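Report on the structure given below.
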Amino acid sequence: ATVDWFGDYHQLDEIVQWYQNLTATYPNLVTFLPSIGKTVEGRDIFAATITGANTTGATKPQFFFQGLVHAREWISGSTVQWLSNQLVQGYAADPSLLDSTEFIFVPVVNPDGYDYTWTTDRLWRKNRALPSGVDLNRNYDDHWGQGGSSPDPTSDTYMGPSAASEPETQAVSAFFLSFPNLVGAIDFHSYSQLVLRPYGWTFAPAPDETLNKQAGDGIAATILSVNQMQYVSEPSTDLYPTSGTSTDFWYTQRRIYSFCIELRPNMTGQGFLLDRTQIVPTSQEIWSSVLWWVGFVKGNPLPVPPL
Ligand code: 0X9
Ligand code: ZN
């Protein structure tokens, strides 16, 4: 069933059902959160946490993953589902990872937009706020509106009327901040095959640039080792400046390892319309790199906040 599932992309209600099935199959590992908040159109934003037994009694480090902030970037949702699936399927053979770590998933940050890409416009990016959507990855409350975002509502990078104006941004930001032990977070997007580290809003190097670079370079190297796919590791601003992004918010709020990964294809490929046969290989290389990264993050703690 798993092989069939990852052979294609799926609509929102099917993805919700898949997470509910995963929870039913692995009730001791998966907690399904049907609603961490509502969207503009009244849909629920769901989440899941995955962890094993607490064998040591120690507080577990927490890792946060999200996908489908941008509605048309379908591979980002599939990849997050693959990570969830690998974690639960690997538990029986080796419980050590889940017994020592908690993983948090928001697979579909933008369910309204995602639904719209299935029903109406495959290349829709933003949420569905009237009249023409807000770019949720310009709406976070971090240096909001300070460059690399647009005040024009018709722009694909429209920042919204105010910082965290959108219910989706508010919900996922509050959900993120509710976890006391976060050490790393990844926001999955497509496309271009990039591993992007803070900052997005300024060319100034982040205070943890040395470790952030080691982490990002290691992710890219691990991806390369699986299927020989080239990903470029760089600060976000080197791609282009952005403000109000999730990764800057995460890094500034909590001083954790914070990455935006742009998945397949590369610049010469099918863009957002990545063929469904690419779901499995893309997910496999990302799974390997996430496992490496989790180990790196645990072994190389960043200084405690505040920045
Ligand atoms: O522009 C974006 O939001 C991301 N690219 S996409 O093509 N998926 O829209 C890149 C954002 C990179 N910057 C930060 N994460 N700060
Ligand atoms: Zn994106």
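Start at 1 and go down the list; that is how both ligands and their atoms are numbered. These numbers come from a predicted model, not from an experiment. Computed over heavy atoms, backbone and side chain alike; hydrogens, waters and symmetry mates excluded. Each residue takes its place number in the sequence, starting with 1.
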ring-ring contact (aromatic ring centres under 6.0 Å, His included) with Y257: which residues, sequence neighbours excluded?
F296

Which residue and heavy atom of the protein sit nearest atom 11 (C) of ligand 1, plus the separation:
N137 ND2, 3.8 Å

Can you confirm whether Y191 sits close enough to E73 that some side-chain heavy atom of one is under 4.5 Å from a side-chain heavy atom of the other?
no

When you compare the side chain of W82 with that of Q284, does any pair of heavy atoms fall below 4.5 Å?
yes

Identify the closest protein heavy atom to atom 8 (N) of ligand 1: which residue and atom is it, and at what distance?
E73 OE2, 2.9 Å

Taking atom types as modelled, find out whether S84 and Y19 have a side-chain donor-acceptor pair closer than 3.5 angstrom.
yes

Name the closest protein heavy atom to atom 12 (C) of ligand 1, giving the residue it belongs to and the distance to 0.1 Å.
L196 CD1, 3.6 Å

With heavy atoms of C260 as the reference, note each atom of ligand 1 found under 4.0 Å away.
15 (N)

For atom 5 (N) of ligand 1, tell me which residue out of E262, H70, H189 has the closest non-hydrogen atom.
E262

Positive for side-chain contact (heavy atoms from CB on, under 4.5 Å) with T49, one of F103, F105, F179, F32:
F179

Considering both backbone and side-chain atoms of T242, is one of its nitrogen or oxygen atoms within less than 3.5 Å of a nitrogen or oxygen in ligand 1?
yes

Look at atom 14 (C) of ligand 1 and find which of G200, S236, P241 reaches it with the closest heavy atom.
S236

Do Y9 and W118 have ring centroids that are under 6.0 Å from one another?
no

Looking only at protein heavy atoms, what sits closest to atom 16 (N) of ligand 1 is T245 OG1, 3.1 Å

So which protein N/O/S atoms does the Zn ion (ligand 2) have within less than 2.8 Å?
H70 ND1, E73 OE1, E73 OE2, H189 ND1

Parallel under 30°, tilted from 30 to 60°, perpendicular over 60°: which one fits the rings of W5 and W18?
parallel

Heavy-atom check, side chain of D13 versus side chain of V16, under 4.5 Å
no

Heavy-atom contacts under 4.0 Å between S190 and ligand 1: side chain, backbone, both, or neither?
backbone

Knowing that exactly one of F272, W124, Y114 qualifies, which makes a side-chain contact (heavy atoms from CB on, under 4.5 Å) with R72?
F272

What is the nearest protein non-hydrogen atom to atom 15 (N) of ligand 1, stated with its residue, atom name and distance?
T247 OG1, 2.9 Å

One should read off an interatomic distance between Q170 CD and I45 CD1, to the nearest 0.5 angstrom, of 10.0 Å

Under 4.0 Å between heavy atoms, the region of Y240 that gets near ligand 1 turns out to be side chain

May I ask you to decide if the ring planes of W250 and F64 are parallel, tilted or perpendicular, using 30° and 60° as cut-offs?
perpendicular

Would you mind checking which non-hydrogen protein atom is closest to atom 9 (O) of ligand 1, with the distance to 0.1 Å?
R125 NH1, 2.4 Å

L263 pairs by side-chain contact (heavy atoms from CB on, under 4.5 Å) with which of L274, I223, I75?
I75

